[in-house]
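Taking it in order: structure first as structure tokens, then the write-up.
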Amino acid sequence: MLARIYRPAKTAMQSGKAKTRDWILEFEPASARTIDPLMGWTSSTDMNGQVRLTFETQEEAVAYAERLGIAFRLVEPKAAPMILKAYADNFAPGRRQPWTH
């Protein structure tokens with residue numbers, strides 16, 4: 001039973017950084033999902049796949065896993081590059097492509 005501790009990335013559908021500050025502990029899938037031949041639904045016999053715990057800090061998540069004896073893999077978050085933009089850059093004379101309607 002291996003757990004993964006990570007900080008979720010920003011989704012493509014949001015412009016802000018909501019839900020990216022907390023750390024998540026979730027278990028790796030122990031078995032593959034199976035497809036029901038009649039309905040086509042996917043199912044799994046792994047109940048730990050439904051567990052998803054959130055923590056405010058990385059240290060809290062690691063301490064929780066160590067206290068309960070859960071083997072875990074820590075995934076460090078990648079730093080997002082800061083791209084500074086201004087609206088006035090659209091009309092700058094040194095722009096790469098000319099501005100047109």
Side-chain angles (χ1 to χ4, degrees):
M1 177 167 73
L2 181 68
R4 181 176 56 208
I5 298 174
Y6 67 98
R7 195 170 179 182
K10 181 179 82 75
T11 64
M13 299 302 294
Q14 66 188 27
S15 60
K17 297 194 184 276
K19 298 184 180 178
T20 62
R21 307 223 189 282
D22 291 339
W23 287 82
I24 307 290
L25 183 143
E26 64 183 12
F27 293 98
E28 298 280 344
S31 61
R33 293 180 175 256
T34 57
I35 298 174
D36 181 52
L38 179 62
M39 298 298 291
W41 296 341
T42 58
S43 63
S44 175
T45 58
D46 182 26
M47 291 297 125
N48 286 332
Q50 298 177 10
V51 177
R52 183 176 179 154
L53 302 172
T54 59
F55 299 91
E56 289 185 15
T57 63
Q58 173 186 347
E59 290 79 21
E60 290 179 5
V62 170
Y64 178 82
E66 288 176 348
R67 186 173 66 239
L68 294 181
I70 300 171
F72 64 92
R73 180 172 52 102
L74 185 64
V75 180
E76 293 290 334
K78 295 179 183 175
M82 291 293 293
I83 301 172
L84 299 176
K85 295 181 183 179
Y87 181 69
D89 293 340
N90 292 331
F91 309 102
R95 187 179 155 106
R96 291 184 190 160
Q97 296 175 344
W99 182 83
T100 61
H101 280 284

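Numbers for residues simply follow the sequence, beginning at 1.
Atoms OG1 and CZ, on Thr54 and Arg21 in that order, are 15.0 Å from each other to the nearest 0.5 Å. Once rounded to the nearest 0.5 Å, the distance linking CZ of Arg33 with OG1 of Thr42 reads 5.0 Å. Considering CD of Glu28 and CZ of Arg4, their distance stands at 4.5 Å, rounded to 0.5 Å. Put simply, CG on Asp22 and CG on Leu53 are 12.0 Å apart, with the number rounded to the nearest 0.5 Å. With rounding to the nearest 0.5 Å, the separation of OG1 in Thr34 from CH2 in Trp41 is 13.0 Å. Of the inter-residue distances, the one linking Lys19 atom NZ with Arg7 atom CZ reads 15.5 Å to the nearest 0.5 angstrom.
Within the 4.5 Å cutoff, side-chain heavy atoms of Glu76 are placed close to those of Gln58. Annotation: side chain of Arg52 is not in contact with side chain of Phe27 (no heavy-atom distance under 4.5 Å). Considering only heavy atoms from C-beta on, Leu25 comes within 4.5 Å of Phe55 through its side chain. Residues Glu26 and Tyr6 have side chains in contact (heavy-atom distance under 4.5 Å, counting atoms from C-beta outward). For the pair Ser44/Ser31, a side-chain contact is recorded, criterion being any heavy-atom separation below 4.5 Å from C-beta on.
For Ile35, the CD1 atom is loosely surrounded, since the number of other residues' heavy atoms within 6.0 Å does not exceed 12. Counted within 6.0 Å of CD on Glu56, heavy atoms from surrounding residues, nucleotides or ligands total 12 or fewer; the atom is thus considered open.
For the residue pair Pro8 and Ile24, the shortest heavy atom distance occurs at CD-CG1, 3.7 Å. Minimum heavy-atom separation, Trp23 to Val75: CZ3-O, 3.9 Å.
If you chain together hydrophobic residues whose side chains sit under 4.5 Å apart, Leu68 and Leu74 fall into the same group.
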Item to check | Ile5 vs Arg73, side chain to side chain contact (heavy atoms under 4.5 Å, CB included): CA-CA, chis, key distance, verdict | outcome: CA-CA 6 Å; Ile5 298 174; Arg73 180 172 52 102; over 6 Å; no
